[in-house]
Amino acid sequence: MSKDGFATKAIHIGQEPDELTGAVTVPLYQTSTYAQEEIGKHKGYEYARTQNLTRFQWEKNLAALEEGIAGFAFGSGLAAIDSVMKLLRAGDHVVMAEDMYGGTFRLFDKILTNFGLSFTSVDMRDEQAIRNAITPATKMLYTETPTNPMMNLTDLRMVARVAKEHGTMMVVDNTFASPYFQKPLTLGADIVIHSATKYLGGHSDLVHGIVATNNEEIATRLKFIQNAAGAIPGPFDCWLCLRSVKTLAVRMKQHEANAMTIAPVLAHHPAIKAVYYPGLPTHPQHNLAKEQMSGFGGMISIELGSLEAAKKFTNALSVFTLGESLGGVESLVCHPVSMTHGSVPVEQRQKLGITDGLVRLSVGIEDVEDLLDDIYAALAAIA
Ligand SMILES: *Cc1c(COP(=O)(O)O)cnc(C)c1O
């Protein structure tokens with residue numbers, strides 16, 4: 001059987017029928033330990049922080065989707081990021097994107113700096129800025145693309161070139177695109193990270209993180225860190241991910257189709273000052289998006305001009321739910337300044353364009369006519 005297509009892999013890799021019973025769904029191994037036959041003799045399963053088959057199958061699945069050699073699951077996206085940063089040691093320096101998920105910035109800025117790591121944030125669209133920030137201590141280039149919430153893109157091939165030249169690791173947070181639309185390991189990254197809370201989980205019912213790599217040495221070290229530091233997920237969340245990922249392809253297609261219908265409507269509406277969506281030909285990096293992504297995703301940010309307009313708009317929506325997070329089947333609307341990006345300093349937010357009037361839409365997979373009606377009504381409420 002050919003198993004090369006993305007949707008086929010999502011449904012079959014790591015999701016083979018159970019050997020013992022033939023169950024077509026991977027069993028949930030909700031156990032902490034395993035019976036051993038005699039001292040020193042067991043089936044390769046000793047303790048569930050180290051070995052859990054439900055988790056292993058999900059890690060194998062995601063690694064295949066990202067075209068990596070190994071995957072490692074964690075209790076949240078931030079636990080995944082924190083564990084990846086444990087590849088570094090005191091004295092190491094990281095060049096990071098200035099426009100990232102607020103929680104990642106907070107982890108780096110408020111916690112990891114206490115352990116002797118240092119960070120320089122740069123505009124990852126600017127190759128010279130990246131090069132200028134690199135020092136002899138730089139061990140990692142860390143980026144996110146498209147970024148949250150400004151939808152800026154990093155040219156992953158360009159960053160990979162710089163990383164190779166300087167012998168640094170390259171890490172990409174691929175949460176917004178999902179492996180369905182973008183595979184950073186195939187473009188030169190060493191490590192790809194997901195908050196599986198978002199599109200991979202896809203149903204707003206779990207918090208989970210996962211990492212994939214195509215580098216043997218990094219895989220060995222991550223496996224050690226995952227077990228030694230212990231930020232693993234529970235097996236049920238892995239089981240939910242295995243179930244969710246089976247529909248990732250169809251969900252992503254629909255997220256994108258809905259976003260591609262909504263974005264141009266927003267772009268032509270007089271109440272909206274700016275629309276940030278890489279699928280619009282007016283997006284400054286639309287061509288790059290076409291080159292390195294196979295689709296534009298379901299996230300759109302809009303500038304409404306003021307906090308008052310943002311409040312009126314979000315209050316008037318009824319199909320879109322006001323809330324943090326993204327990537328679920330249900331449409332969500334978020335106000336980054338007061339929600340996800342509260343921990344980013346004001347000057348930094350202003351520089352990036354994260355204003356009081358900025359609103360982020362996670363376009364769900366409901367009927368697009370209903371989503372449009374909802375948006376039209378909410379825009380009318382601003383006027
Ligand atoms: C949500 C998010 C994270 C953090 O993941 P959690 O699962 O909430 O810990 C990291 N990166 C991006 C881009 C995110 O959207």
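In listed order, ligands and their atoms are each counted from 1. Predicted model only: the values in this text are computed from it and were never measured.
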| said: Atom NZ of residue position K273 - does it have more than 12 heavy atoms of other residues, nucleotides or ligands inside 6.0 Å? | reply: yes
Between ligand 1 and the protein, which N/O pairs are shorter than 3.5 Å?
from	atom 1	to	atom 2	distance (Å)
ligand 1	5 (O)	S195	OG	3.0
ligand 1	7 (O)	G77	N	2.9
ligand 1	7 (O)	S195	OG	2.8
ligand 1	7 (O)	T197	OG1	2.7
ligand 1	9 (O)	G77	N	3.0
ligand 1	9 (O)	L78	N	2.9
ligand 1	11 (N)	D173	OD2	2.7
ligand 1	15 (O)	K198	NZ	2.7

| request: Would you list the pairs meeting salt bridge (Lys or Arg N to Asp or Glu O under 4.0 Å) in which at least one residue belongs to residues 130-142, sequence neighbours left out? | output: D92-K139, E127-R131, R131-E165
Ignoring hydrogens and angles, write down the donor-acceptor pairs under 3.5 Å from the side chains of residues 78-87, residues two or more places apart or on other chains.
from	atom 1	to	atom 2	distance (Å)
D82	OD2	K86	NZ	2.7
S83	OG	A79	O	3.0

| said: Using side-chain heavy atoms (C-beta onward) and a distance below 4.5 Å, is V192 in contact with H194? | reply: yes
| task | Could you label the plane-to-plane angle of the Y376 and H269 rings as parallel, tilted or perpendicular, counting under 30° as parallel and over 60° as perpendicular? | result | tilted
| Does L326 sit in a hydrophobic cluster with other residues, and if so which ones, taking ILVMFWY side chains as linked at heavy-atom separations under 4.5 Å, directly or through other members? | F6, V26, W58, L62, L65, M150, M151, F176, Y180, F181, Y199, L200, I210, L242, V245, L248, M252, Y276, M299, V337, L352, I354, L358
